[in-house]
Protein chains: 2
Amino acid sequence: MSDTQEPSLDEQIAAYQREFRDLDPQVEQVVSALGRLNRRMNVAYGRQVAELGISNAEWEVLKHLVLSGAPYRLGPGELAKRLGLTPAAMTHRIDRMATEGLVTRDRDETNRVRVIVELTDEGRTKWLEAMRMATAFEEDLLQDLSSEERGALGEMLIRLLRRVEHAQPDAGGRLTDLG
Amino acid sequence: MSDTQEPSLDEQIAAYQREFRDLDPQVEQVVSALGRLNRRMNVAYGRQVAELGISNAEWEVLKHLVLSGAPYRLGPGELAKRLGLTPAAMTHRIDRMATEGLVTRDRDETNRVRVIVELTDEGRTKWLEAMRMATAFEEDLLQDLSSEERGALGEMLIRLLRRVEHAQPDAGGRLTDLG
DNA sequence: GCATCGAACTTTAGTGTTGAAGTCTTCAGG
DNA sequence: CCTGAAGACTTCAACACTAAAGTTCGATGC
């Protein structure tokens with residue numbers, strides 16, 4: 001049936017050049033590689049955390065709670081902002097995670113408008129296990145790069161990051177998660 | 001209320017090191033920067049194509065049809081595989097895009113099990129406009145990098161890409177889109 | 001101290017996605 | 001031919017997210 005194959009990166013760039021004459025192949029290579037790499041990595045993360053019985057989405061929440069430092073508490077609104085979700089979506093996500101025992105949800109007794117989401121021991125343990133798997137994967141991923149290369153790569157990525165962040169100064173308000 | 005701020009990349013890495021002792025900061029910097037950069041870029045793309053009245057999801061479909069080359073035809077199944085969606089989702093997405101006039105959907109007369117999705121002129125025009133905006137954005141993004149740096153960056157990203165693709169040889173079958 | 005405004009979260013309606021079951025077409029045997 | 005099996009897509013039910021409206025509590029002004 002000669003089923004069309006997933007094009008390689010080079011084939012893809014060549015195709016773009018055929019269809020769109022003023023295209024800088026060097027720029028396109030960077031951008032396309034970035035996009036593909038990220039998607040593959042997210043799939044990999046997803047498979048790993050699935051082994052722990054949690055979804056990528058839940059792992060993100062755990063990450064941000066841990067990042068907030070002990071006692072690992074954040075409000076739904078703050079979590080929503082950091083994850084790039086609407087507060088409504090956050091409400092439901094926390095519901096699920098609370099019934100699964102990963103977090104607790106309580107009203108703030110000093111200000112009963114607010115809600116406090118707090119990591120449980122189980123949630124913290126899950127995060128630790130996920131983190132162990134993730135870092136092992138990341139080490140393996142970067143294995144072919146020397147320390148100098150890693151440094152140069154990180155530095156260039158940060159320069160790009162600064163540029164996007166400056167270019168669109170958080171216009172929408174929501175930040176759509178972090179890495 | 002001293003509302004917690006979105007942590008900077010450096011703050012985030014420092015927090016991870018506090019919570020997880022064996023963490024290579026250099027690796028984490030690369031990985032975190034990659035993740036953040038990609039998300040910001042996707043938000044930027046989304047805003048741009050929204051000006052054309054299409055969603056990021058629709059733009060992805062247009063991209064893959066164009067990449068397939070004239071006469072810009074692919075089946076729903078093939079599109080689903082390339083976009084990393086289930087066939088069911090593809091069916092609905094094509095529905096919408098067909099009513100919007102971006103693509104046509106027809107049965108293959110030589111094999112009536114198959115369906116052919118074909119780009120319309122309007123769809124091709126939209127893609128072109130989106131492409132113009134995207135490349136302008138990408139040029140701007142990479143502005144601070146010299147040609148040598150761009151080459152080195154692209155080369156390193158491709159090395160990483162090869163590693164993920166090799167590490168998990170398409171295990172699930174679906175490839176979750178490309179860049 | 002009562003009414004109003006605003007903040008923080010939840011609820012509701014609508015859209016998009018998944019996984020599983022269903023339909024229709026083709027192909028291979030008998 | 002007619003049957004059975006496999007392939008390609010669609011339909012259906014359940015779930016997740018968004019935008020907008022609703023609820024509840026706290027603060028401010030009179």
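Reminder, nothing fancy here: chain letters follow the sequence lines and each chain counts from 1.
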Could you please name the option among [options] that lies closest to any side-chain atom of [X]?
| X | options | value |
| --- | --- | --- |
| A:V113 | C:dT25, D:dC9, D:dG26 | D:dG26 |
| A:R114 | D:dC9, C:dT10, C:dA8 | C:dA8 |
| A:A88 | C:dT12, D:dT10, C:dA8 | C:dT12 |
| B:N111 | D:dG26, C:dT26, D:dT18 | C:dT26 |

Polar-atom pairs under 3.5 Å, protein N or O versus N or O of nucleotides 13-17 of chain D: list them with distances, or write none.
{"from": "D:dC17", "atom 1": "OP1", "to": "A:R93", "atom 2": "NH1", "distance (Å)": "2.7"}
{"from": "D:dC17", "atom 1": "OP2", "to": "A:R96", "atom 2": "NH2", "distance (Å)": "2.9"}

Rounding to a whole Å, what distance do you find between [X]:[atom1] and [N]:[atom2]?
| X | N | atom1 | atom2 | result |
| --- | --- | --- | --- | --- |
| A:I116 | D:dC25 | CD1 | P | 16 Å |
| A:I94 | C:dT11 | CD1 | P | 12 Å |
| B:K81 | D:dA8 | NZ | C1' | 12 Å |
| B:E58 | C:dT15 | CD | C1' | 12 Å |
| A:M90 | C:dT10 | CE | P | 10 Å |
| B:N56 | C:dT17 | CG | P | 12 Å |
| B:E109 | C:dC24 | CD | C1' | 14 Å |
| B:L79 | D:dT10 | CG | P | 11 Å |

* Look at the side chain of A:R159 and the backbone N and O of B:D144, then say whether any donor-acceptor pair between them is shorter than 3.5 Å. => yes
* **Side-chain donor or acceptor of B:R107 paired with backbone N/O of B:R112 under 3.5 Å** => yes
Check this for me: does any side-chain nitrogen of one of [X] and [Y] sit under 4.0 Å from a carboxylate oxygen of the other?
| X | Y | value |
| --- | --- | --- |
| B:E78 | B:R82 | yes |
| B:R132 | A:D22 | no |
| A:E19 | B:R124 | yes |

* Could you please spell out the steps behind the side chain to side chain contact (heavy atoms under 4.5 Å, CB included) verdict for A:L34 and B:M41? => CA-CA 10 Å; A:L34 252 171; B:M41 286 176 67; 4.3 Å; yes
* Parallel, tilted or perpendicular for B:Y45 and B:W59, by the 30°/60° rule? -> tilted
* To do: Give one of base, sugar-phosphate or nothing for B:R107, where a contact means two heavy atoms less than 4.0 Å apart.
  => nothing
* Asked: Can you tell me if the side-chain N/O atoms of B:R112 get under 4.0 Å from OP1 or OP2 in D:dG7?
  -> no
